[in-house]
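Only one structure is covered here, and it is reproduced in the block below.
Being a predicted model, the structure only gives us computed values, none of them experimental.
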Amino acid sequence: MSLRPKSYQRIPARTVRTARAACPKGTPAMLVRDRLDVLFEDEEFVSLYPADGRPGLSPGQLALVSLLQFAENLSDRQAADAVRTRIDWKYALGLELDDAGFDYSVLSEFRARLAEGDAADRLLTVMLERLVEAGLLKAGGRQRTDATHVLAAVRTLSRLELVGESLRAALEELPRPTGTGCWS
């Protein structure tokens with residue numbers, strides 16, 4: 001493991017001031033943080049750190065990014081950009097305003113680790129527990145989670161993104177037209 005679990009309980013003061021000034025009524029991402037505090041603790045997902053010695057990002061934060069990404073129907077690139085540029089996401093993740101975020105490829109790698117074993121089920125169980133604790137779901141009620149549709153959507157998105165990236169790389173390799181209307 002390249003990174004030890006870290007607590008994101010405290011949102012940096014500058015991030016709080018800036019987010020509250022920019023969005024006085026809050027945003028869905030800020031409301032998630034306000035109502036649920038830290039939704040996913042790193043200690044619960046230590047097994048999701050990369051095992052190959054690369055620097056690891058917080059699995060708890062990556063899980064929250066994945067949740068926000070799904071809620072806003074964003075691609076991996078758009079979600080990584082949101083972490084880098086959106087004040088409300090920095091607030092929800094407990095990041096400093098100058099945090100540079102991460103490369104979008106980290107999200108697909110995280111989902112691959114999440115799909116192994118029972119990690120996705122643990123993630124859903126933790127999320128349900130937090131929602132019950134926050135009073136957003138009633139305990140004892142009938143709750144059903146089925147990750148099949150989520151995993152299928154993730155696989156489809158990953159494949160589509162792979163196709164799009166392959167097409168982009170192929171187009172970049174084509175010769176460009178010259179000023180005469182002919183290909184060089």
Side-chain angles (χ1 to χ4, degrees), residues 1-12 14-16 18-19 22-23 26-34 36-42 44-116 119-120 122-124 126-127 147 149-172:
M1 175 176 20
S2 303
L3 182 69
R4 297 198 186 281
K6 184 177 175 183
S7 174
Y8 295 93
Q9 295 290 345
R10 188 185 72 73
I11 305 168
R14 199 173 82 169
T15 303
V16 172
T18 305
C23 310
T27 67
M30 292 169 66
L31 294 174
V32 165
R33 179 61 188 246
D34 290 343
L36 301 174
D37 198 20
V38 175
L39 183 57
F40 303 110
E41 294 282 348
D42 283 348
E44 298 165 319
F45 301 102
V46 170
S47 63
L48 294 177
Y49 281 106
D52 61 6
R54 290 177 295 148
L57 295 166
S58 160
Q61 285 185 313
L62 290 173
L64 182 55
V65 168
S66 298
L67 182 71
L68 294 171
Q69 175 186 12
F70 179 77
E72 295 190 21
N73 196 25
L74 301 176
S75 69
D76 286 351
R77 283 181 190 266
Q78 291 169 323
D81 285 343
V83 171
R84 193 174 10 270
T85 61
R86 287 184 49 185
I87 295 167
D88 60 333
W89 279 43
K90 288 184 184 287
Y91 179 95
L93 294 165
L95 299 174
E96 294 285 349
L97 291 175
D98 59 357
D99 190 290
F102 51 83
D103 186 73
Y104 73 95
S105 64
V106 169
L107 290 170
S108 62
E109 293 168 7
F110 175 71
R111 281 193 304 273
R113 289 193 307 273
L114 192 60
E116 295 172 2
R122 282 189 299 133
L123 183 77
L124 290 171
V126 167
M127 189 168 67
H149 298 294
V150 174
L151 291 175
V154 165
R155 285 188 188 108
T156 300
L157 178 62
S158 295
R159 287 182 187 128
L160 287 174
E161 207 167 37
L162 181 60
V163 168
E165 287 300 316
S166 298
L167 182 60
R168 182 191 57 77
L171 289 173
E172 286 180 356

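No side-chain N or O of Tyr104 forms a donor-acceptor pair with one of Asp81 less than 3.5 Å apart.
Checked against side-chain hydrogen bond (donor to acceptor under 3.5 Å, both in side chains), Glu96 has no partners two or more places apart in sequence or in another chain. When the side-chain hydrogen bond (donor to acceptor under 3.5 Å, both in side chains) test is applied to Thr27, the partners found at least two apart in sequence or on another chain are Asp88.
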Show your reasoning for whether side chain to side chain contact (heavy atoms under 4.5 Å, CB included) applies to Val83 and Leu68.
-> CA-CA 10 Å; Val83 171; Leu68 294 171; over 6 Å; no
Show the numbers, then the answer: is there a side chain to side chain contact (heavy atoms under 4.5 Å, CB included) between Tyr91 and Asp34?
-> CA-CA 10 Å; Tyr91 179 95; Asp34 290 343; 2.5 Å; yes
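Pairing each heavy atom of Pro12 with each of Gly94, the nearest pair is CD-O, 3.6 Å. Shortest non-hydrogen contact noted between Ala92 and Arg33 is O-NH1, 3.1 Å. Taking each heavy atom of Leu93 and Gln61 in turn, the nearest pair found is O-NE2, 2.7 Å. Scanning both residues, Ala79 and Trp89, for their nearest heavy atoms gives O-CZ3, 3.6 Å.
The main-chain N or O of Asp99 is found under 3.5 Å from a side-chain atom of Lys90 such that the two form a donor-acceptor pair.
Within the 4.5 Å cutoff, side-chain heavy atoms of Arg111 are placed close to those of Asp76. Looking at heavy atoms from C-beta onward, Leu62 lies in side-chain contact with Phe102 at the 4.5 angstrom threshold. Side chains of Leu64 and Val32 form a contact here, defined as non-hydrogen atoms less than 4.5 Å apart.
Shown here is Asp98, whose CG atom has more than 12 heavy atoms of other residues, nucleotides or ligands within 6.0 Å.
Arg77 CZ to Leu107 CG: the interatomic distance, rounded to the nearest 0.5 Å, is 12.0 Å. A distance of 9.0 Å separates OG1 in Thr15 from CZ in Arg10, rounded to the nearest 0.5 Å.
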